[in-house]
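Counting starts at 1 for both ligands and their atoms, following the listed order.
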Amino acid sequence: MSKLLIRYVCQSCGTSHPKWGGKCTGCDEWNTLLEDVISSQHLTEKKQASKFSAPLEFSSLLSQDAPPERVKTGISEFDRVIGGGLVPGSVLLVGGDPGIGKSTLLLQVAALISQFPGGCAYISGEEGLEQIRLRAKRLGLENYPVLLATETQTQKIISHFKTENPPSFFILDSIQTLYVEGIDAAPGTVTQVRAATHEIIRAAKEHNITVFLIGHVTKEGTLAGPRLLEHMVDTVLYFEGERSHHFRILRTIKNRFGPTNEIGVFDMTDRGLQEVSNPSQLFIGNHEKNISGMSIFAGLEGTRPLLVEIQALVAPTPFGTPRRTTVGWDYGRLCMILAVLEARCGYSFSNRDVYLNVAGGLRIGEPAADLAVACALISAYHNKALPKDAVFLGEVGLSGDIRAVTGEDMRLKEALKLGFLKAFIPYGFSERHKHFKREHLEILEIKTLKDLFMILFKQ
Ligand code: TYD
Ligand code: MG
């Protein structure tokens, strides 16, 4: 006889609990546990099936078939992020905050790939047909042969995969609106999102259809219904950016068919997302001016060098406890650099507020930016501008030493391309970068922060 097994699954992190509780032990969130029902008969049937199933059939690593041809969408920023083009039969998840521009980006992609053999279907569970048509008109895409539908039942969508000539590409907006008939849970819950994704992936692989799933992220920055989804799909892309800025960054978090950490940069205009092919120029702003508290970091996002302006402000604190505020940079890392500056270089920040900002709404996760951050802070501290034609790169160690970073060559080439004349880099690599001298990029090797401040501020 079938017996119902009940467990409680956290809607935020997916941890399963045998008993209900107010707080999830996995992620410490409150009120996120929901009932999930499994039939024990289903489990026994599964066990029996595996007992009698046939033995495995092995094959070799060497493939006789040519690798599947990748399909380029034509948006080169997008193609680079997905590793050079779409792989047939793959499932991609595009996550991002609500309103960041996911539907806009994917409608633009849909229009381009709708011209390829098989065509592209755009299925929305969030917006009505008229709304999508209106957006298409605004983007100037109304004449592309995109197959449009509104649907939220997963089985119905999948049944279309099985028709004689299904579209080669499906865009499902969004995974949180889909539900699987027969599962007793609301759309958007972990149970539904997981079941729908599972069904879709299975059908996509079976029928060799490329599927884009759009997913919203929660305020903590994880995809709602979350890590479970990330490991199921082939590629995870995050669309990020500050709502108040018009730059948007598409970042690869996971890719089974290419490198991760690649970024594509877009500009949100009134006519949709435009590619930004030279983002360095955009993020360094007007570096002609001599302003204190500003440094240029020679960054590297995936395989793409990117120069970024880092801005710092140091001001006397009006309260007992000084404030530290960061935008686009890790708060803990800022505190660590302040501690190093205080303990190793003798600067006191205990009665000063510190604000740190990465220009243009970009988020930097690289420790290689430590040196640029430290220089911006000390430049603000002295109210003395750094050399305006210099870039900085290097990780700061706890002893105040500057450590090597990866991809120096690519970073320096980008600096040279954008007309910078000086680069402050970690010690021990000048031999390797000799050739830059001929091209008028002066390489200055730095051992410790103290040495650097001696050169820059004479103290
Ligand atoms: P949307 O793609 O609907 O976001 P998401 O699907 O991630 O929720 O984008 C919504 C925002 O984009 C909205 O605030 C308006 C803005 N937008 C533009 O600035 N230009 C455009 O051409 C379009 C279509 C939208
Ligand atoms: Mg949307």
Nearest option to atom 13 (C) of ligand 1, as decided by whichever heavy atom of Gly99, Gly95, Ser174, Gly96 sits closest: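 It is Gly99 whose heavy atom sits nearest to atom 13 (C) of ligand 1.
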From Gln274, Arg135, His246 - option closest to atom 24 (C) of ligand 1 by heavy atom: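 Going through Gln274, Arg135, His246 one by one, Arg135 has the nearest heavy atom to atom 24 (C) of ligand 1.
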At a non-hydrogen distance cut-off of under 4.0 Å, which region of [X] contacts ligand 1 (side chain, backbone, both, or neither)?
X	value
Asp270	backbone
Asp97	backbone
Met268	side chain

N/O to N/O below 3.5 Å, does that happen between [X] and ligand 1?
X	value
Pro98	no
Leu139	no
Lys102	yes

Under-4.0 Å protein heavy-atom contact, atom 15 (C) of ligand 1: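 Protein heavy atom within 4.0 Å of atom 15 (C) of ligand 1: absent.
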Spacing of Leu393 atom CG and Glu408 atom CD [to the nearest 0.5 Å]: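 Separation between the atoms: 5.5 Å.
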Atom pair OG/CZ of Ser280 and Arg304 - distance to nearest 0.5 Å: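 Ser280 atom OG to Arg304 atom CZ measures 8.0 Å (nearest 0.5 Å).
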Pair Phe161 and Phe170, ring centroids less than 6.0 Å apart: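 Yes, they do, as the ring centres are separated by less than 6.0 Å.
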Aromatic ring proximity Phe349/Tyr381, centre distance under 6.0 Å: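 Yes, close enough.
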Among Val211, Thr210, Leu106, Val146, side chain to side chain contact (heavy atoms under 4.5 Å, CB included) partner for Ile171: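 The option that passes is Leu106.
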Ion pair Asp234/Arg256, N-O distance below 4.0 Å: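 Salt bridge: yes.
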Residues Phe392, Phe424; criterion ring pair (Phe, Tyr, Trp, His ring centres under 6.0 Å); working and verdict: CA-CA 5 Å; Phe392 298 85; Phe424 291 90; 5.0 Å; yes
Salt bridge (Lys or Arg N to Asp or Glu O under 4.0 Å) between Arg248 and Asp267, intermediate numbers included: CA-CA 6 Å; Arg248 298 284 183 271; Asp267 188 1; over 6 Å; no
Which of the numbered atoms in ligand 1 are under 4.0 angstrom from any heavy atom belonging to [X]?
X	answer
Thr104	1 (P), 2 (O), 9 (O), 24 (C), 25 (C)
Thr269	18 (C), 19 (O), 20 (N), 21 (C), 22 (O)
Arg271	22 (O)

Backbone or side-chain N/O/S of Thr104 under 2.8 Å of the Mg ion (ligand 2):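 Looking at Thr104, which is the residue asked about, there is no N, O or S atom under 2.8 Å from the Mg ion (ligand 2).
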Val233 and Leu92: CA distance, side-chain angles, deciding distance, side chain to side chain contact (heavy atoms under 4.5 Å, CB included) verdict: CA-CA 6 Å; Val233 297; Leu92 299 95; over 6 Å; no
